[in-house]
2 protein chains.
Amino acid sequence: MSKNHKNNDKYHRILDAAIKVFADQGFHTSTIAQIAREAGVADGTIYLYFKNKQDILFQFFAYKTRLVFDNFKNAVEKEKNAIDKLKCLIRTHFEEFQRDRKMAEVYRMETRQCHRLMETQIKEMTKMYLDLIAAIVEQGQQEASMRQDLYLVLVKRFILGAVEEVINVWVISGGRYDLVSQADPLVDLFLKGIGCQEISDQ
Amino acid sequence: MSKNHKNNDKYHRILDAAIKVFADQGFHTSTIAQIAREAGVADGTIYLYFKNKQDILFQFFAYKTRLVFDNFKNAVEKEKNAIDKLKCLIRTHFEEFQRDRKMAEVYRMETRQCHRLMETQIKEMTKMYLDLIAAIVEQGQQEASMRQDLYLVLVKRFILGAVEEVINVWVISGGRYDLVSQADPLVDLFLKGIGCQEISDQ
DNA sequence: CAATAATGAATGAGCATTCATTTAACAAAA
DNA sequence: TTTTGTTAAATGAATGCTCATTCATTATTG
């Protein structure tokens with residue numbers, strides 16, 4: 001009956017337990033036994049809800065992370081001018097990752113690992129994010145709040161990279177300070193850069 | 001006699017082979033047998049030059065990567081004003097990583113993994129890099145080529161993150177385009193940002 | 001002939017996955 | 001309400017495979 005385990009309480013118990021274990025030790029060094037213990041179920045039970053160990057990580061990307069990224073688009077659409085949209089995107093990103101630090105830790109770790117099966121998932125999410133940035137910047141150019149002479153491909157990476165690095169440090173610090181408050185200062189850097197206007201044109 | 005294996009040809013053969021294998025599959029899924037095969041030696045031989053599998057990765061950070069990062073400082077010192085130093089840092093970074101793509105791949109992957117033993121190495125290199133950026137920015141502020149109202153901690157991450165992300169994409173693409181040519185456009189973004197001067201002050 | 005270096009088969013530990021068995025859930029019959 | 005039967009869910013010990021690591025043996029060097 002419940003082919004769709006996603007409606008089942010135990011599916012989530014196990015997935016959350018796995019995320020906690022992955023966050024602490026990384027995917028490869030985590031064992032099914034540890035995940036089972038953390039979830040309070042027997043080792044074998046995990047295989048009633050997941051195909052295998054890889055599948056747990058797959059579900060993490062396909063289900064958990066995906067939801068978060070879908071949110072970004074909705075949040076951004078609520079704002080109307082480009083600069084507010086950019087602020088909103090980054091604030092929402094920080095909010096969501098701060099809300100679920102274990103998710104942030106696993107995301108940070110495992111997106112850089114080569115797990116053949118996840119690649120598509122990860123690429124799709126990244127593309128969605130980059131497209132969001134591109135749309136915002138193009139709108140900003142039309143509104144004349146952003147420079148015309150931008151190399152868009154680079155701008156997208158420039159923004160994504162900085163955002164992820166700010167999260168990275170926050171994760172490494174153990175989440176001991178408020179991440180969201182860094183959003184506006186970061187957007188300020190994106191917009192104005194670090195140079196003095198008068199000289200930076202040289 | 002050769003306690004210091006680093007002077008030994010075979011030490012480098014094995015280390016380079018390992019880097020190639022790690023780059024292709026990641027540390028955890030690589031086997032000693034694969035590394036031995038790639039290096040053209042027997043499995044056991046590896047243990048004459050390295051304590052164990054982890055030690056190979058340790059040597060990668062302690063020896064290979066470390067050399068590259070030490071270079072950055074020297075390169076930067078050759079320039080005299082802050083903006084040129086920043087350009088030099090990023091150009092050199094791109095040059096070195098482009099010169100040795102396998103190294104870049106392993107660095108990208110394994111710095112985000114939790115390998116207890118590497119942590120110190122990685123933190124030290126990152127700190128050195130961030131200090132370099134901080135010094136450049138502070139000089140820029142004295143020279144009045146960079147803004148006075150900068151939150152330095154954030155600026156460091158902002159720059160490092162963007163730089164690493166640009167490398168990241170280049171690595172993912174399989175190194176199919178020229179990385180170094182992205183250095184100047186990136187520094188331009190760092191200095192001027194993406195906003196229009198007139199409005200970005202709003 | 002040492003002494004040093006290299007070999008690769010053998011060892012054993014660790015762990016994902018399976019599956020025979022047990023337990024729980026629920027419904028129909030008494 | 002209790003009894004009994006049926007199905008679904010959960011268990012965890014047993015299996016078997018994959019390696020990292022070792023070490024007795026062989027080759028190389030000088």
Side-chain angles (χ1 to χ4, degrees), chain A residues 1-61 106 109-110 113-118, chain B residues 1-61 106 109-110 113-118:
Chain A
M1 163 179 323
S2 60
K3 272 281 167 55
N4 187 7
H5 282 145
K6 289 177 189 61
N7 302 324
N8 189 311
D9 165 55
K10 208 155 274 187
Y11 171 87
H12 294 287
R13 274 243 304 285
I14 294 170
L15 189 50
D16 288 342
I19 292 169
K20 190 177 279 183
V21 176
F22 291 165
D24 290 350
Q25 334 201 333
F27 174 78
H28 286 293
T29 45
S30 301
T31 72
I32 292 292
Q34 287 176 306
I35 296 167
R37 161 179 273 269
E38 177 73 35
V41 299
D43 295 14
T45 306
I46 289 179
Y47 291 86
L48 299 176
Y49 295 90
F50 298 89
K51 264 209 307 289
N52 49 40
K53 191 182 159 189
Q54 282 248 2
D55 187 44
I56 306 178
L57 192 60
F58 186 86
Q59 297 295 323
F60 167 77
F61 283 116
V106 178
M109 267 185 182
E110 304 303 335
Q113 213 61 11
C114 43
H115 304 292
R116 295 279 131 67
L117 293 169
M118 321 299 156
Chain B
M1 161 181 330
S2 62
K3 269 285 168 49
N4 187 8
H5 283 142
K6 289 176 188 64
N7 302 326
N8 190 311
D9 167 54
K10 210 157 273 187
Y11 171 89
H12 295 287
R13 274 243 303 286
I14 294 170
L15 189 50
D16 288 342
I19 292 169
K20 190 177 280 183
V21 176
F22 291 164
D24 290 349
Q25 334 201 333
F27 174 76
H28 286 293
T29 45
S30 301
T31 70
I32 292 291
Q34 287 175 307
I35 296 167
R37 161 178 272 270
E38 177 72 36
V41 300
D43 296 14
T45 306
I46 289 180
Y47 291 86
L48 300 176
Y49 296 89
F50 299 89
K51 261 207 312 289
N52 50 39
K53 192 182 160 191
Q54 282 249 0
D55 187 44
I56 305 177
L57 191 60
F58 186 86
Q59 296 296 323
F60 166 77
F61 283 115
V106 177
M109 267 186 184
E110 304 303 337
Q113 212 65 9
C114 43
H115 304 291
R116 295 281 132 65
L117 292 168
M118 321 299 156

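Proteins get letters first, then strands, A, B, ... in listed order; numbering begins at 1 in each.
- For B:H115 and B:F61, the gap between ring centers reaches or exceeds 6.0 Å.
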For a quick test of your reading: what N or O donor-acceptor pairs under 3.5 Å do the side chains of residues 19-26 of chain A make, sequence neighbours left out?
{"residue": "A:D24", "atom": "OD1", "partner": "A:K102", "partner atom": "NZ", "Å": "3.2"}
{"residue": "A:Q25", "atom": "OE1", "partner": "A:Q34", "partner atom": "NE2", "Å": "3.3"}

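- A search for salt bridge (Lys or Arg N to Asp or Glu O under 4.0 Å) contacts involving B:R13 returns B:D9, not counting sequence neighbours.
- Distance, A:R37 CZ to D:dT11 C1': 15 Å, rounded to whole Å.
- Put simply, CD1 on A:I46 and CD1 on A:I35 are 5.5 Å apart, with the number rounded to the nearest 0.5 Å.
- Applying the 4.0 Å criterion to OP1 and OP2 of D:dA9, one finds that A:Y49 has every side-chain N and O outside that range.
- B:A42 is linked by a side-chain contact (heavy atoms from CB on, under 4.5 Å) to B:T45, counting only residues two or more places apart in sequence or in another chain.
- For the atom pair A:Y49 OH and A:D55 CG, the distance stands at 14.0 Å (nearest 0.5 Å).
- Atom C1' of nucleotide C:dT7 and atom CD1 of B:I14 are separated by 13 Å, given to the nearest angstrom.
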Could you list the protein-to-nucleotides 14-19 of chain C atom pairs, N/O on both sides, closer than 3.5 Å?
{"residue": "C:dA16", "atom": "OP1", "partner": "A:S30", "partner atom": "O", "Å": "3.3"}
{"residue": "C:dA16", "atom": "OP1", "partner": "A:K53", "partner atom": "NZ", "Å": "3.3"}
{"residue": "C:dA16", "atom": "OP2", "partner": "A:I32", "partner atom": "N", "Å": "2.9"}
{"residue": "C:dT17", "atom": "OP2", "partner": "A:Y47", "partner atom": "OH", "Å": "2.9"}
{"residue": "C:dT17", "atom": "OP2", "partner": "A:K53", "partner atom": "N", "Å": "2.9"}

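- Distance B:Q34 CD to D:dT18 C1': 12 Å, rounded to the nearest Å.
- Phosphate contact (OP1/OP2 of C:dA5, side-chain N/O of B:K10, threshold under 4.0 Å): absent.
- A search for side chain to side chain donor-acceptor pair (under 3.5 Å) contacts involving B:N52 returns nothing, not counting sequence neighbours.
- For B:A42, counting side-chain heavy atoms from C-beta on, the closest listed nucleotide (D:dA9, C:dG8, C:dA6) is C:dG8.
- Sorted by first and then second residue, the salt bridge (charged side-chain N to carboxylate O under 4.0 Å, His left out) pairs involving residues 41-54 of chain A (not counting sequence neighbours) form an empty list.
- Among residues two or more places apart in sequence or in another chain, the side chain to side chain donor-acceptor pair (under 3.5 Å) test is passed with B:Q113 by none.
- The CG atom of A:L48 sits 13 Å away from the P atom of D:dG12 (whole-angstrom rounding).
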Show me the protein contacts with nucleotides 24-26 of chain C, counting only N or O atoms at under 3.5 Å.
none

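- Protein atom CD of B:Q25 is 15 Å distant from nucleotide atom P of D:dT18, rounded to whole Å.
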